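The structure under discussion appears below in the form of structure tokens.
This is a predicted model, so every value here is computed, not measured. Note that these values count all heavy atoms, side chains included, but never hydrogens, waters or copies made by symmetry.
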Amino acid sequence: MKQKFSLFSFIILVAISWLQAQDAPACFFNSEANRCEINVSSTEEFQNLANIQSSCMNLCQGAPFYVTLTEDLIFSEDILDSNCTANFSPIETFRGTFDGNNHTISGLCLKDTIPLEATLYPAIFNNVNQASFKNLTLKNIVSYSESGGNTAVLINYLNDGLEVENIKIQDVTLISKYYATAALLVAEGFSEDPSSSQIFKSIQAQNINFLISGEGTIGGFVGSIYNDLKNVQFTESSLDLHVTQIDSENEKPTSLTFGGFIAQSGKTIFEKDTLNIEFTLLNSKLPMENITIGGLAGVVSNRISINQVQADGFIKSIGETTPDNFAGMLQLGGFVGLVETNDSIKVQNSEIKTDILLNQLVSGQVYLGSVFGNANSPSMIIHDVVYSGDISVESLLGDIYSIGGFVGSYNSTFENYVSSSSTANFKNLEMSGNLTYSFGEGFYPSYDNSVGGVFGTCQLSDSYPFDLIFDEIKVNGSIS
């Protein structure tokens, strides 16, 4: 009788323990680290992460989450393309740390065709606030926006600070058919905290393909960052990016801002980065208004520093132009298309091999250089930079053009800003490639235009002192 009772008691205890396990939240509150720890070991748990976070709120007292992958997550073993079926809904919010623990997330098909709220565009995380992502591989992923909204792989919308470190991205296709903001890591970022930073370190991206309509704000790693942060920083990162222009769903595309690392930002630092980009524009499908393209960044609206960066590949336009396709302004730089700042511009110890090849481009204004297309700042320093690519502009159809071996147009009087220490210092620069240009048949420009080995045009203030310094400049290639 005693044995029967003991067996019955054991069965009851096991049943109670099992029921308690089902009700227990899949998290642990680490009071010493003040974080809510969650382990994810399956695709089902990952898709359910938002609900897991919600169930842990009371236990963890609102502490930041620390999510750790304990297994690879394979959503599909097929090689995905644009015809894939959506298999993941964005995780709506996240704050804290996501540690991939050197595991891989693969086979994701991210589309906005899943019945979701309009704000949930293709991305793994929809809205992220003060977060860190590290030690993760993202592989064999398609992110496809058919609605004209944001398109991303990791984050749709970011608030305040972010750290992304040791992330590998392989075999990813991003498709945007309408005007959109799109990028691999962050589509859009916003911050009201000037002390916060967005830091990207040791990001390695290979075999990345963007299919874009030729309009919108498109960045390799980041789309747009709004408001001033302490800085946006890319360090020891590399990107191998192929960009193909596809038909726009809009009858007349409007404008395009593109940057290999980031499309649009404020204070920006590039340190020990490597870029290989292949970007082809279709002349017959150009936007009607502005085109701004930079190998690293499209537009930077504050201080910028570039050090020990290497860029290779090509940016080119091809095809027949039509009278209906006219770019009001083209600003194109091997590093940055447009810089506008009352602070400093610094480029040091870098090499650019990117070929810039424009054919039969119709544009009202063209600003083109291997480093900057158009730069506006009271202080510019470019030291120890080599350009060994070729700049070739054939059959140009533009009223105003400014083409430089390093800087297309430089203006030290941006917004009438006055500085007592304004200077433009160019030292130890070498241009070994060729710079060639020609006009379209029967076309003659209407205004004064210029081509130069260092810059095309340089506008300096006559109302305050300004030092313009050239030291050890070598132009070994030809200009014709």
With a 3.5 Å cut-off and no angle check, do the side chains of [X] and [Y] form a donor-acceptor pair?
X	Y	result
Glu45	Ser41	yes
Tyr157	Asn150	no
Ser238	Gln204	yes
Asn156	Asn127	no
Asp72	His103	yes
Gln348	Asn307	no
Asn39	Thr70	no
Asn425	His383	yes
Asn30	Glu37	yes

field: Intermediate values then yes/no, side-chain hydrogen bond (donor to acceptor under 3.5 Å, both in side chains), Asn101 and Thr68
entry: CA-CA 6 Å; Asn101 197 24; Thr68 303; over 6 Å; no

| said: Looking at Ala152, is its backbone amide N or carbonyl O close enough to the side chain of Ser143 to form a donor-acceptor pair, meaning the two atoms are under 3.5 Å apart? | reply: yes

Using the rule given for side-chain contact (heavy atoms from CB on, under 4.5 Å), can you reason through Phe200 versus Gln233, listing the C-alpha separation, both sets of side-chain angles and the distance that settles it, and then say yes or no? CA-CA 6 Å; Phe200 302 84; Gln233 182 171 336; over 6 Å; no

For this session: Go through the steps for Tyr367 and Leu338 under the test side-chain contact (heavy atoms from CB on, under 4.5 Å), then give the verdict.
Result: CA-CA 9 Å; Tyr367 301 100; Leu338 170 65; over 6 Å; no

Flag side-chain contact, heavy atom, 4.5 Å: [X] against [Y]:
X	Y	result
Phe75	Cys109	no
Gln198	Ile225	yes
Val300	Phe372	no
Asn87	Ser76	yes
Lys316	Phe279	no
Phe94	Asn129	no
Leu296	Phe234	no
Val347	Ile381	no

The single option from Asn290, Thr217, Leu281, Leu330 that satisfies side-chain contact (heavy atoms from CB on, under 4.5 Å) with Leu256 is Leu281

In Thr274, Ile167, Asp273, Val309, the residue satisfying side-chain contact (heavy atoms from CB on, under 4.5 Å) with Ser237 is Asp273

Just wondering, are more than 12 heavy atoms of other shown residues or ligands nearer than 6.0 Å to CD in Gln206? no

_Angle between ring planes, Phe406 versus Tyr387, binned at 30° and 60°: parallel, tilted or perpendicular?_
perpendicular

- Message: Ring centres under 6.0 Å, that's the criterion: do Phe125 and Phe133 meet it?
- Response: yes

